[in-house]
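Structure, as structure tokens:
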Amino acid sequence: MSELQPYTSAANDFRSDTFTTPTENMMKAALTASIGDSVYNEDVDTIALEKKVAKMAGKPAGLYCVSGTLSNQIAIRSHLYQPPYSILCDYRAHVYTHEAAGLAMLSAAMVVPVRPSNGDYMTLEDIKENIVPEDGDIHGAPTKLISLENTLHGIIYPYEELVRIKQFCVENGYKLHCDGARIWNASVQSGVSLEQYGEIFDSISICLSKSIGAPMGSVLVGELPFIKKCNHFKKQCGGGIRQAGMMAKMASVAIDDTLPLLKGSHEKARKLGDFCIENGIILESPVDTNFVFLDLKRNFMKDDVVIKFGEKHGVKLMGGRVAFHYQITEESLQKVMLAVKEAFEHSKAFPHVHDGPYKMYRSPTPVKY
Ligand SMILES: Cc1ncc(COP(=O)(O)O)c(C=O)c1O
Ligand SMILES: C[C@@H](O)[C@H](N)C(=O)O
């Protein structure tokens, strides 16, 4: 069995922006971080991070969580009371597709997954058509919360549509959560501030471990009573962190250092997107920010073939999604263009007909236990 080699750089890693590695600046910050027990809310740097991100989002309170999955799930749970109830989200939403049925297990919630009529993002009309009304019909599980993702597959949610959805939620008493794993990308690209997003959403899970490049975690932001309840569920789920200061201070440095670099990753993604279109490679989604989604099915491309041509050119891929981040180099961009084009050429000679479930994510190199 080959020994797993230490990971050293994400410069050629297009599998996800979660592979971004901590910088020397972040590591140095950890050395001078506070060392209080954050379960007792005594850690200075953890509290500082929570306040920093909450202030950026214009929210009264923030909660440092070990992951985006945890912050999403405890946020949604904390908005809900007295089942039966349901949550409405995009059929591709991470909270529904990639958080291990957390909505069913922690929230005991039914999910209504919606396929946007425009193919990219749910409009208010899509939402209205799929709402389960609280009308006394004992067959249904009334909608209590709408969970949006911004960006979703790299697509920026149009701010005007968010305003329309928010107005509808206020008028009808629905809570509105945002999975903001890549809200930084949406903000820097659209010019909409985190504070403006904070005015739309009751809660936002703001990831630090994706494009921002911190080693772990998210900050969940919202009203103080809500965040206190989230902290209760966080502890219940085993998410209490003792000396969190080191990671929190690294994350704070990451925000300051990386935010200015996000647009550069979007520009590289756009170059690959344009290259694909010029070469007749169909894309699944528009390239608004840091993701290029190859439409494997319509291109008759197989994910394993994409991975193989990536290996040939020295870049790491996971299938149809090509993820950019600030550590991707110009050299890697040139290599991934070659890999994608050759994989596409291969599909012309050896078309792959997709007849099973499509897995967007592939677990990293499996370590044989
Ligand atoms: C859109 C989205 N939301 C939430 C998460 C969950 O974040 P984490 O991996 O930190 O649990 C991810 C994955 O990284 C994601 O892509
Ligand atoms: C794997 C998935 O959960 C992760 N959020 C990613 O985007 O890579």
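One-based numbering, in listed order, for ligands and for the atoms of each.
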Query - Proximity of Glu99 to ligand 2 by residue part, where a heavy atom lies under 4.0 Å - result: neither
Query raised in the report: Where is the tightest heavy-atom contact between Asp288 and Gln189, given as atom of each residue plus distance?
Result: O-CG, 3.3 Å
Query - Nearest neighbour in protein (non-hydrogen) for atom 10 (O) of ligand 1 - result: Gly68 N, 2.9 Å
Query raised in the report: Does atom NZ of Lys308 have more than 12 heavy-atom neighbours from other groups under 6.0 Å away?
Result: no
Report task. Answer yes or no for Lys229 and Phe233: cation-pi contact, defined as NZ/CZ to six-membered ring centre under 6.0 Å and angle to ring axis within 45°. Result -> yes
Requested in this report: With heavy atoms under 4.0 Å as the rule, classify the contact between Ala181 and ligand 1 as side chain, backbone, both or neither.
Outcome: side chain
Query - Identity and separation of the nearest protein heavy atom to atom 3 (N) of ligand 1 - result: Asp179 OD2, 2.7 Å
Report task. Answer side chain, backbone, both or neither: which part of Thr69 comes under 4.0 Å from ligand 1, heavy atoms only. Result -> both
**Report entry** Heavy atom of the protein closest to atom 3 (O) of ligand 2 (residue, atom name, distance)
**Finding:** His94 NE2, 2.8 Å
Query raised in the report: Okay, side chain of Asp13, backbone of Ser16: is any donor-acceptor separation there less than 3.5 Å?
Result: no
Query raised in the report: For atom 16 (O) of ligand 1, which candidate among Arg182, Glu149, Met216, His98 provides the closest heavy atom?
Result: Arg182
Requested in this report: Measure the distance from atom 1 (C) of ligand 2 to every protein heavy atom, then report the residue, atom name and distance (to 0.1 Å) of the closest one.
Outcome: Tyr361 CG, 3.5 Å
Requested in this report: Group every Ile, Leu, Val, Met, Phe, Trp and Tyr by side-chain heavy-atom contacts under 4.5 Å, then state whether Met337 and Leu283 land in the same group.
Outcome: yes
Query raised in the report: Of the backbone atoms (N, CA, C, O) and the side-chain heavy atoms from C-beta on, which set of Thr18 has a member under 4.0 Å from an atom of ligand 1: side chain, backbone, both, or neither?
Result: side chain
Query raised in the report: What atoms of ligand 1 come closer than 4.0 angstrom to any heavy atom of Glu99?
Result: 4 (C)
Query raised in the report: If you measure from each non-hydrogen atom of Arg321 to ligand 2, which part falls under 4.0 Å: side chain, backbone, both or neither?
Result: side chain
Query raised in the report: Can you list the ligand 2 atoms lying under 4.0 Å from a non-hydrogen atom of Ser16?
Result: 6 (C), 7 (O), 8 (O)
Query raised in the report: Quick check: does any side chain N or O of Arg15 sit under 3.5 Å from a backbone N or O of Ala323, one acting as donor and the other as acceptor?
Result: no
Query raised in the report: Taking everything shown except Leu224 itself, do over 12 heavy atoms lie less than 6.0 Å from its CG?
Result: yes
Requested in this report: State the atoms of ligand 1, each with its element, that fall below the 4.0 Å cut-off from a heavy-atom position in Ser67.
Outcome: 10 (O), 11 (O)
Query raised in the report: Should the ring pair Phe324 and Phe14 be called parallel, tilted or perpendicular, given that the plane angle runs from 0 to 90° and is split at 30 and 60?
Result: perpendicular
Query raised in the report: Would you find more than 12 non-hydrogen atoms of other residues, nucleotides or ligands less than 6.0 Å from Tyr7 atom OH?
Result: yes
Report task. Flag yes if more than 12 heavy atoms outside Lys55 fall under 6.0 Å of its NZ atom; otherwise flag no. Result -> no
Query raised in the report: Does Leu152 approach ligand 1 within less than 4.0 angstrom via side chain, backbone, both or neither, non-hydrogen atoms only?
Result: neither
**Report entry** Donor-acceptor under 3.5 Å (Asp90 side chain, Arg92 main chain)
**Finding:** yes
Requested in this report: Would you mind running through ligand 1 and noting each atom that sits below 4.0 Å from a heavy atom of Asn72?
Outcome: 4 (C)
Query raised in the report: Which of these, Lys210, Arg92, His94, has its nearest heavy atom closest to atom 7 (O) of ligand 1?
Result: Lys210
Report task. Assess Arg182 for proximity to ligand 2: is some non-hydrogen atom of it under 4.0 Å away? Result -> yes
